[in-house]
S.K.: 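After the structure tokens below, expect a handful of questions from me.
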Amino acid sequence: GSVLDGLTGQPVASGKVSLVGHTYEMGQEGQFSPRWIWQDEWVTVRAEGYLDARAEVPRGRFPGDSVSFQVVLVPNALRSVVRDGETGTVLAGAHVSCNDEKGTTDESGAYTFRRVLPGAVLGASMPGYEPVQVPWGGSETQELTLQPGQAQVLVSDEYTGQPVAGAAVVSGGVEYSTDQSGAVVVRRLIEGATLQASATGYDDAVATYAAEQATKLVLRPNTLGGIVRDQDSGEPVAGALVRALASVELVTMTQTSGDGGYSLGGLPAAITLTVTAVDHEPIVLAVERTTALDIGLQRFEVRGIYIPL
């Protein structure tokens with residue numbers, strides 16, 4: 001007789017055939033040749049990677065006739081299901097493997113392997129997750145759990161180099177917040193993904209994740225504040241007009257409060273600051289790489305000319 005694969009129709013190269021208390025090894029072409037059979041018998045066929053099969057041996061027309069017959073083996077099936085280790089949701093598009101066979105999970109997070117041999121090792125991987133390998137337990141369904149990958153993001157102040165706490169870091173539509181050290185752990189990051197950081201008083205910063213140990217994002221401050229005082233008396237100057245210009249274009253402006261304080265936001269990296277106040281000389285300053293600037297104004301000097309008559 002011969003043993004064939006039920007899916008491909010090809011010979012099954014190795015296995016064992018049991019008949020009349022004897023066991024026979026199958027040849028490379030799936031063939032086997034038992035001894036004389038004197039009565040109705042059943043043959044049992046076993047091969048790794050297939051379900052056991054049992055078939056009745058046909059009888060010849062006359063005693064001693066040779067009879068050829070085929071036994072069809074159905075390949076076993078292993079349904080592997082890949083899930084997120086934190087949420088438990090199935091992961092479509094995960095890469096799975098069983099020894100040398102590879103595949104990709106469908107929308108239900110599953111992929112079916114055939115002809116799985118004892119001792120097989122299952123593997124699963126997906127961008128943004130830690131890969132995993134587990135031995136096959138012999139069941140028809142086996143779940144593989146992928147733990148989300150973790151990447152550290154550090155956010156700092158461009159001017160001071162100090163960490164920026166409470167900065168928002170966004171990746172893939174998910175928002176995280178930095179701790180007091182300016183750090184945050186972002187999960188499920190895929191190499192090449194875009195990271196965006198933002199914080200009050202800063203321009204946004206963008207970086208591309210390159211699978212490094214830590215991704216650094218540097219935020220440039222865009223605010224300026226301080227107190228305008230009389231240069232001689234040190235008293236605050238209320239109502240002074242403070243204007244910020246970039247390339248002679250007005251960016252923003254404000255007036256000092258009763259305590260002489262001012263605050264400007266949304267500033268470019270370099271500005272020209274002009275300050276004017278009643279009874280004081282106007283002042284023009286070039287400002288860059290600072291967020292705090294106190295300004296002293298000098299009073300007008302009124303001089304009279306004596307003309308004798």
Side-chain angles (χ1 to χ4, degrees), residues 2-17 25-31 45-53 70-153 171-174 185-195 207-215:
S2 59
V3 181
L4 303 179
D5 185 300
L7 292 181
T8 65
Q10 297 299 310
V12 177
S14 62
K16 294 182 179 182
V17 178
E25 295 288 341
M26 290 156 40
Q28 290 299 313
E29 297 299 323
Q31 75 276 11
V45 182
R46 292 183 174 90
E48 290 186 346
Y50 293 85
L51 302 178
D52 292 352
Q70 293 179 339
V71 179
V72 177
L73 292 184
V74 177
N76 63 15
L78 167 60
R79 184 174 184 266
S80 59
V81 180
V82 183
R83 294 185 181 275
D84 184 299
E86 287 188 352
T87 66
T89 56
V90 296
L91 296 176
H95 304 297
V96 291
S97 64
C98 180
N99 293 343
D100 294 332
E101 184 178 353
K102 294 178 173 59
T104 304
T105 57
D106 58 20
E107 292 182 357
S108 65
Y111 181 85
T112 299
F113 293 99
R114 300 263 183 192
R115 306 175 189 84
V116 183
L117 304 181
V121 176
L122 302 176
S125 63
M126 189 173 187
Y129 291 84
E130 299 294 335
V132 66
Q133 284 191 330
V134 296
W136 177 42
S139 60
E140 295 181 357
T141 300
Q142 186 157 338
E143 292 197 351
L144 300 168
T145 301
L146 294 182
Q147 297 299 329
Q150 300 182 2
Q152 187 180 50
V153 178
S171 176
V174 180
V185 173
V186 179
R187 299 179 181 274
R188 302 175 183 85
L189 259 185
I190 300 173
E191 187 172 358
T194 298
L195 290 163
T208 300
Y209 177 60
E212 62 267 69
Q213 186 173 5
T215 301

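Numbers here simply count residues along the sequence, with the first being 1. Predicted, not measured: the structure shown is a model, and the values here were computed from it.
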S.K.: For R187, check side chain to side chain donor-acceptor pair (under 3.5 Å) against everything at least two apart and list the hits.
M.R.: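 Partners of R187 under the side chain to side chain donor-acceptor pair (under 3.5 Å) test: E86.
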
S.K.: Taking side chain to side chain contact (heavy atoms under 4.5 Å, CB included) as the test, write out the residues that go with A214, two or more places apart.
M.R.: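 Applying side chain to side chain contact (heavy atoms under 4.5 Å, CB included) to A214 gives Q152, L154.
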
S.K.: If you count heavy atoms of other groups shown closer than 6.0 angstrom to CD of E212, is the number above 12?
M.R.: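 Counting neighbours around CD of E212, more than 12 heavy atoms of other residues, nucleotides or ligands fall under 6.0 Å, so yes.
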
S.K.: Using atom types as modelled and distance alone, determine if a side-chain donor or acceptor of T105 lies under 3.5 Å from a backbone N or O of L91.
M.R.: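 Confirmed, T105 side chain pairs with L91 backbone.
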
S.K.: Going by salt bridge (Lys or Arg N to Asp or Glu O under 4.0 Å), name the residues that satisfy it together with D52, two or more places apart in sequence or in a different chain.
M.R.: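 Once residues adjacent in sequence are excluded, the partners of D52 under the salt bridge (Lys or Arg N to Asp or Glu O under 4.0 Å) criterion are R46.
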
S.K.: What ring-ring contact (aromatic ring centres under 6.0 Å, His included) pairs are there with at least one residue in residues 72-106, not counting sequence neighbours?
M.R.: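 For residues 72-106: none.
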
S.K.: With sequence neighbours left out, what residues match T89 under side chain to side chain donor-acceptor pair (under 3.5 Å)?
M.R.: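 With neighbours one apart ignored, the set is T87.
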
S.K.: Taking the side chain as everything from C-beta on, heavy atoms only, tell me whether L195 gets closer than 4.5 Å to S171.
M.R.: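 L195 vs S171: side chains touch.
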
S.K.: Can you tell me which residue pairs pass the salt bridge (Lys or Arg N to Asp or Glu O under 4.0 Å) test with a partner in residues 103-125, sequence neighbours excluded?
M.R.: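 For residues 103-125: D5-R115.
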
S.K.: Quick one: list whatever passes side chain to side chain donor-acceptor pair (under 3.5 Å) with Q142, sequence neighbours left out.
M.R.: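 Here no residue qualifies.
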
S.K.: Which atom pair, heavy atoms only, marks the closest approach of A53 to V72?
M.R.: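 That closest heavy-atom pairing would be CB-O, 3.9 Å.
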
S.K.: Once salt bridge (Lys or Arg N to Asp or Glu O under 4.0 Å) is applied, do any residues pair with R79, and if so which ones, sequence neighbours excluded?
M.R.: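 Listed in chain order: nothing, the list is empty.
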
S.K.: Going from CD on E29 to CD on Q10, what distance comes out if it is rounded to the nearest 0.5 angstrom?
M.R.: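 So the gap between those two atoms works out to 9.0 Å.
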
S.K.: Kindly give the heavy-atom pair with the smallest separation between S139 and L78, and that separation in Å.
M.R.: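 So the minimum-distance heavy-atom pair works out to O-CD1, 3.4 Å.
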
S.K.: Mind listing the closest non-hydrogen atom pair of L4 and G9 along with its distance?
M.R.: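 Taking L4 first and G9 second, the nearest heavy atoms are CD2-O, 3.8 Å.
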
S.K.: Per the salt bridge (Lys or Arg N to Asp or Glu O under 4.0 Å) rule, what does the pair list look like for residues 92-105, sequence neighbours excluded?
M.R.: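 For residues 92-105, and leaving out neighbouring residues, there are no salt bridge (Lys or Arg N to Asp or Glu O under 4.0 Å) pairs at all.
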
S.K.: A151 and L189: which non-hydrogen atoms are nearest, and at how many Å?
M.R.: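 Reported closest heavy-atom pair: CB-CD1, 3.6 Å.
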
S.K.: Can you name the nearest heavy-atom pair linking V82 to A94, along with the distance?
M.R.: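 It is CG1-CB, 4.0 Å.
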
S.K.: Please enumerate all residues that pass side chain to side chain contact (heavy atoms under 4.5 Å, CB included) together with A211, with sequence neighbours excluded.
M.R.: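 Result, side chain to side chain contact (heavy atoms under 4.5 Å, CB included) vs A211: E191, Y209.
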
S.K.: If you look at every heavy atom in V116 and C98, which pair is closest and at what distance?
M.R.: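 Looking at all heavy atoms of both residues, the shortest contact is CG1-SG, 3.9 Å.
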
S.K.: Is there a side-chain contact between M26 and K16, using heavy atoms and a 4.5 Å cut-off?
M.R.: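 No, side chains not in contact.
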
S.K.: Kindly list each side-chain donor-acceptor pair under 3.5 angstrom involving residues 118-133, sequence neighbours excluded, with atom names and distances?
M.R.:
from	atom 1	to	atom 2	distance (Å)
Y129	OH	D84	OD2	2.7
Y129	OH	R188	NE	3.3

S.K.: Do any pairs count as a salt bridge (Lys or Arg N to Asp or Glu O under 4.0 Å) and have a residue in residues 87-97, sequence neighbours left out, and if so which ones?
M.R.: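 Residue pairs passing salt bridge (Lys or Arg N to Asp or Glu O under 4.0 Å), neighbours aside: none found.
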
S.K.: Please check if the side chain of S80 supplies one atom and the backbone of Y111 the other of a donor-acceptor pair under 3.5 Å.
M.R.: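 Looks like yes, one N/O pair under 3.5 Å.
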
